Amino acid sequence: MQANFFLPSPPLKDFVAYYTFLGREGIGPETKAVTGYPSGYADLVWVLGKGPKVKIEGQAFQEMQGLNLVGHFDQPFSVDLSSIDTVLWVRMKPHGLHALTGLPAKNFHNKWVHADRVGLPSIRPALYTRYDSKNGRALISKLEAYLVKHITRHFSPDARLSYVVRLLEDPKCPVRLKKLSETLGCSYRSLDRLFWQKIGQSPKRVVSNLRFKSLLAEVQNREDLDWMQLVVDFGFHDQAHLIKEFQKYTALSPQRFMRSRQSIGFGLYA
């Protein structure tokens, strides 16, 4: 499976983390189905041609078409990549869907929806459905023009939210929620309302998801892992706490996860 990464242009750097092109070329049986893990980030998926099929717990696989908004999830979900042509997968920052739609982010909690279901106009697919080095930036430019237009229309700057998002982007910065609410001059209940309205999950869950996302990235990049050092680096109470988090997010122990890890899954979700 080909995966190609691009950074956003300056007007969108506060809302988009990166873009990923996924193409059929090079797909092997080991990457036909991958697991998505809660990450603390939201996603936008623009499907050109045949799209991925997504399965949330208790539901059948459903194929994505056109422009899709993917909210924050509390549990892993399955993605079938076996029949896709080209997908532009946009990793949005935690508040990205609220900025794009102006809607309460909690509306997207544990679900993905087509853009037209939330009042966004459709974006016409390109005439080509395969990514190559010549058309990639043109596709991104088309989507970025769409994003800038609707974010400008729907998003109102919020100093508290900007501060929270900047803080959350530092993977090694332990976020103490009580101290955060004190810094912002609000109660924890007000902080909770801010997160549900603008990000789409509770503060505790967002912080936990982002920590696990950073942990997965560390696991991906290293073969010889010192698990006790990871406990210290990521602020777990002890090794048992780390193992419990792994099982909560992946339904696997760290050892089983390492044996079954798939690189494309990291590219999508971690």
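Only a predicted model underlies this, so the values are computations on that prediction, with no experimental measurement involved.
The CD1 atom of Ile151 lies 5.5 Å from the CG atom of Leu12; values are rounded to the nearest 0.5 Å. Rounding to the nearest 0.5 angstrom, the gap separating the CD1 atom in Ile243 from the OG atom in Ser253 is 8.0 Å. Rounded to the nearest 0.5 angstrom, Leu147 CG and Thr152 OG1 are separated by 10.0 Å. Note: Phe155 CZ to Leu161 CG = 5.5 Å, rounded to the nearest 0.5 Å. Separating the CE atom in Met64 from the CG atom in Leu69 is a distance of 9.5 Å, to the nearest 0.5 Å. With rounding to the nearest 0.5 Å, the separation of CE in Met228 from CG in Leu242 is 9.5 Å.
In this structure, Gln247 has no side chain to side chain donor-acceptor pair (under 3.5 Å) partners at least two apart in sequence or on a different chain. Applying the side chain to side chain contact (heavy atoms under 4.5 Å, CB included) rule to Ser202 yields the partners Asp192, Trp196, Lys204, Arg205; only residues at least two apart in sequence or on another chain are considered. Contacts of Lys178 classified as side chain to side chain contact (heavy atoms under 4.5 Å, CB included), with partners at least two apart in sequence or in another chain: Glu182. The salt bridge (charged side-chain N to carboxylate O under 4.0 Å, His left out) test applied to Lys53 returns no partner, not counting sequence neighbours. Leu7 is linked by a side chain to side chain contact (heavy atoms under 4.5 Å, CB included) to Tyr18, counting only residues two or more places apart in sequence or in another chain. Under the side chain to side chain donor-acceptor pair (under 3.5 Å) criterion, Ser141 pairs with no residue, sequence neighbours left out. Qualifying ring pair (Phe, Tyr, Trp, His ring centres under 6.0 Å) partners for Phe6, counting only residues two or more places apart in sequence or in other chains: Phe21. The side chain to side chain donor-acceptor pair (under 3.5 Å) check on Ser162 picks up nothing, with sequence neighbours excluded. Partners of His241 according to the side chain to side chain contact (heavy atoms under 4.5 Å, CB included) rule, which considers only residues two or more places apart in sequence or in another chain, are Arg211, Phe236, His237, Asp238, Glu245.
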May I have the step-by-step check of side-chain contact (heavy atoms from CB on, under 4.5 Å) for Asp43 and Trp89, ending in yes or no? CA-CA 7 Å; Asp43 293 286; Trp89 201 293; 3.2 Å; yes
Verdict with reasoning, Phe212 to Tyr249, per ring-ring contact (aromatic ring centres under 6.0 Å, His included): CA-CA 8 Å; Phe212 192 74; Tyr249 279 95; 4.4 Å; yes
Determine whether Gln201 and Asp74 satisfy the following criterion, side-chain contact (heavy atoms from CB on, under 4.5 Å), listing intermediate values before the conclusion. CA-CA 9 Å; Gln201 278 188 319; Asp74 290 334; 2.8 Å; yes
Could you walk me through whether Leu177 and Tyr188 pass side-chain contact (heavy atoms from CB on, under 4.5 Å), step by step? CA-CA 8 Å; Leu177 295 174; Tyr188 181 82; 4.0 Å; yes
Check the pair Phe73, His109 against side-chain contact (heavy atoms from CB on, under 4.5 Å), reporting the backbone distance first and the verdict last. CA-CA 6 Å; Phe73 279 78; His109 185 229; over 6 Å; no
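Thr183 and Tyr163 form no side-chain donor-acceptor contact under 3.5 Å, judged by distance and modelled atom types alone. A donor atom on one side chain and an acceptor atom on the other are found under 3.5 Å apart for Glu144 and Tyr19.
Shortest non-hydrogen contact noted between Pro8 and Ala17 is CD-O, 3.5 Å. Nearest heavy atoms, Pro76 versus Pro38: N-CD, 4.1 Å. Of all non-hydrogen atoms in Phe195 and Pro203, the two that sit nearest each other are CD2-CA, 3.4 Å.
A donor-acceptor pair is defined here as one N or O able to donate and one able to accept, closer than 3.5 Å; such a pair exists between the side chain of His114 and the backbone of Gln65. Looking at Asp226, its side chain does come within 3.5 Å of a backbone N or O of Gln229 through a donor-acceptor pair. Judged by distance alone, the side chain of Asn68 and the main-chain N or O of Gly66 form a donor-acceptor pair under 3.5 Å.
By the 4.5 Å heavy-atom criterion applied to side chains, Lys244 and Phe246 are not counted as neighbours. At a threshold of 4.5 Å between non-hydrogen side-chain atoms, the residues Thr20 and Leu88 do not count as touching. Proximity of Asn107 to Val113: side-chain heavy atoms (C-beta onward) are nowhere separated by under 4.5 Å. When side chains are defined from C-beta on, Val90 does not count as touching Val45, because their heavy atoms never get closer than 4.5 Å. At a threshold of 4.5 Å between non-hydrogen side-chain atoms, the residues Asn209 and Ser39 do not count as touching. Between Leu210 and Tyr41, some side-chain heavy-atom pair lies under the 4.5 Å cut-off. Put simply, the side chain of Lys213 does not reach to within 4.5 Å of the side chain of Leu216, judged on heavy atoms. Between Val87 and Trp46, every side-chain heavy-atom pair lies at or beyond the 4.5 Å cut-off.
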Under 3.5 Å donor-acceptor pairs involving side-chain atoms of residues 92-102, not counting sequence neighbours:
{"residue": "Lys93", "atom": "NZ", "partner": "Lys13", "partner atom": "O", "Å": "2.7"}
{"residue": "Lys93", "atom": "NZ", "partner": "Glu169", "partner atom": "OE2", "Å": "2.6"}
{"residue": "His95", "atom": "NE2", "partner": "Asp14", "partner atom": "O", "Å": "3.3"}
{"residue": "His98", "atom": "ND1", "partner": "Leu103", "partner atom": "O", "Å": "2.8"}
{"residue": "Thr101", "atom": "OG1", "partner": "Leu97", "partner atom": "O", "Å": "2.8"}
{"residue": "Thr101", "atom": "OG1", "partner": "Leu103", "partner atom": "N", "Å": "3.1"}

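Applying the salt bridge (charged side-chain N to carboxylate O under 4.0 Å, His left out) definition to pairs two or more places apart or across chains, those involving residues 152-167 are Asp158-Lys198. Residue pairs meeting the salt bridge (charged side-chain N to carboxylate O under 4.0 Å, His left out) criterion with at least one member in residues 104-121: none, sequence neighbours excluded.
Taking hydrophobic clusters as Ile, Leu, Val, Met, Phe, Trp and Tyr residues chained together by side-chain heavy-atom distances below 4.5 Å, Phe77 shares a cluster with Leu22.
Using bins of under 30°, 30° to 60° and over 60° for the plane-to-plane angle, the ring pair His154/His150 lands in the parallel bin.
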